Number of protein chains: 2
Amino acid sequence: MRIGEIAALVGLTTRAIRHYHHVGLLPEPERRPNGYRAYSVRDAVLLARVRRLTELGLSLDEVRDALADDAGRELAEVLEELDADLARQEADIRERRCRLSALLAEPPGATGPVSPALAALLAQAPRTDSPSAAKDREYLTLMDATSSGSQEIFALLGTLVADPAVVELYERLDALAEAPADDPRIAPLAADLMAAVPEELFAAIPEDGAVVTGFKEALLAEYTPAQAEVVGRLMDAFMERGRG
Amino acid sequence: MRIGEIAALVGLTTRAIRHYHHVGLLPEPERRPNGYRAYSVRDAVLLARVRRLTELGLSLDEVRDALADDAGRELAEVLEELDADLARQEADIRERRCRLSALLAEPPGATGPVSPALAALLAQAPRTDSPSAAKDREYLTLMDATSSGSQEIFALLGTLVADPAVVELYERLDALAEAPADDPRIAPLAADLMAAVPEELFAAIPEDGAVVTGFKEALLAEYTPAQAEVVGRLMDAFMERGRG
DNA sequence: TAGAAACCCTGCCGTTGCGTCAAGGTCAAG
DNA sequence: CTTGACCTTGACGCAACGGCAGGGTTTCTA
């Protein structure tokens, strides 16, 4: 048989068969005088075996091991491992589909998918157009996606957010947008903000060490000087009390 | 933030982030005077979004589309498509695991996995050490793996194989191993073989056209001249009666 | 008998989503 | 002043082939 014939017979492409030769899965057969590969029925049997195994999901390396004459022993081992792997993949896919369906069911949130804890928090928050509040929501979404222990933090924030007084605090921060770094409103706002934070929250903030340093700078860079002053004092307070 | 910091923050590798820049998924951020990339919190938010979407199984191209500002519309579309794809994969894996478990449950057959029809046939066949019979079993396994309509053929063969007389036919074929191509035993053996084949079987053999031509030659090459003579006559009979 | 269709050959690039060097520059601490 | 831990660009590697280029062979057909 020529390569096209055996390919059609076992249901592979000629390219795949040549590839198997190339990687040493199947030895190159004899050649006809014109250079064409001349396949035997044995080759077809072997290729059929290869096809069944690859269709099961074995890699070519695994197929090579499984076909390495001592078949029985190795094969069962590889197959069990493969089954475990497939089980993992199946569970993985199921979980993804689960999250996907949750995502498809909730189109209004343009921010993307969020955890239930954060969703509850955002729903609870008073409506406001404050840019500072918008930023805060963004950062919360970030925490939600990155920090693992954010659930309890969101729960603690719930009590804070439910208070309509926070809107006023956000607006006072907004008002500092164009102010200089030594504006007299900075200190009292920082004090009021810290007073509004429940005590347990200071302990709940995770301490990621080096990461926090860079993050803090980046965060401050998002604010105008006077606002950064306020936010910076808040963060310093968190870092100090978090340690102690 | 430097790249290592933001990477740790959102749970990606620095290499992945640079890759995202490279493929245009995320624009290159500003640089510090020393050439380091300087990331903002916005970038972290974006990267967190990318991470969530890639974890769901979207390709980077799809993520790019989904993040392309007009989010809402495109995204739902892509996600639904993705869900359908995942459903396919899930079904696929389930089927593979199914075949795998069937394979693991039956370790004795060193020939590899076979269809139930063929398994029944082989179990029914009388025990013999005839090399010709071994070859036949091998070719049947090949048919089982390649030819789709082999079920009915196996069923028809069942009546043939159940007859203990076939063993004698195989042994007569074996006996021709060293014989010349004009051995007088050839004609009667071919006649007896053809007589043993049930009439329906001639019609059941599929006609694959060109594939058969090459396959026939390869098959004959597996036998010694006298044996090939016998097998060749059988095959010719099949091809003629199959047509008519 | 020539030309076209349908084969075959080798070899190399492209795919996906990064990992992994290589060969350097930068920065804080000991 | 030297580690060591960062950062930079650039290029190759991976799995399992698909596709194309640039040729030769065989076979069917007009």
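Just so it is clear, the structure is predicted and the values come from calculations on it, not from any experiment. By convention in this document, chain letters (A, B, ...) are assigned in the order of the sequence lines, proteins followed by strands, and residues within each chain are numbered from 1.
The ring-ring contact (aromatic ring centres under 6.0 Å, His included) test applied to B:His19 returns no partner, not counting sequence neighbours. With sequence neighbours excluded, the residues forming a side chain to side chain donor-acceptor pair (under 3.5 Å) with A:Glu28 are A:Arg31, A:Arg37, listed by chain and number. Judged as a salt bridge (charged side-chain N to carboxylate O under 4.0 Å, His left out), and not counting sequence neighbours, the contacts of A:Arg99 are A:Glu95. With sequence neighbours excluded, no residue forms a salt bridge (charged side-chain N to carboxylate O under 4.0 Å, His left out) with A:Arg18. Residues satisfying the salt bridge (charged side-chain N to carboxylate O under 4.0 Å, His left out) test with A:Glu222, not counting sequence neighbours, are none. Residues that satisfy the side chain to side chain donor-acceptor pair (under 3.5 Å) test with B:Arg233, not counting sequence neighbours, are absent from this structure. When the salt bridge (charged side-chain N to carboxylate O under 4.0 Å, His left out) test is applied to A:Arg94, the partners found at least two apart in sequence or on another chain are A:Glu90, B:Glu90. Partners of B:Asp92 under the side chain to side chain donor-acceptor pair (under 3.5 Å) rule, at least two apart in sequence or in another chain, are B:Arg96. Partners of B:Arg15 by side chain to side chain donor-acceptor pair (under 3.5 Å), not counting sequence neighbours: none found.
If you take CG of B:Leu12 and P of C:dC18, they are 8 Å apart, rounded to a whole angstrom. When the P atom of C:dG11 is taken as reference, atom NE2 of A:His22 falls 9 Å away, rounded to whole Å. Between A:Glu30 atom CD and C:dC8 atom C1' there is a gap of 17 Å when expressed in whole angstrom units. When the C1' atom of C:dG11 is taken as reference, atom NE2 of A:His21 falls 16 Å away, rounded to whole Å. Separating the CD atom of B:Glu5 from the C1' atom of D:dC7 is a distance of 11 Å, rounded to the nearest angstrom. At whole-Å resolution of the value, CZ in B:Arg32 and C1' in C:dA28 are 13 Å apart. Computed from coordinates, the A:Met1 CE to C:dC8 P distance equals 12 Å when rounded to whole Å.
The side chain of A:Arg18 contributes no N or O atom lying less than 4.0 Å from OP1 or OP2 of C:dT10. Note on A:Arg37: a side-chain N or O is less than 4.0 Å away from OP1 or OP2 of C:dT10.
Inter-residue side-chain proximity for A:Phe215 and A:Leu142 is flagged as met; some heavy-atom pair is nearer than 4.5 Å.
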Under 4.0 Å protein heavy-atom contacts per nucleotide of nucleotides 15-28 of chain D, with B for base, S for backbone only and - for none: -BBBB----BBS--
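A donor-acceptor contact shorter than 3.5 Å is absent between the side chain of B:Arg51 and the backbone of B:Leu46.
Each end of the helix from C:dT1-D:dA30 to C:dG30-D:dC1 gets its own rotation axis from five pairs of C1' atoms, and the angle between them is 20° to the nearest 10 degrees.
Listed in residue order, the members of residues 38-46 of chain B having a heavy atom less than 4.0 Å from DNA chain C come to none.
Using a 4.0 Å heavy-atom distance criterion, A:Arg31 is classed as a sugar-phosphate-only contact.
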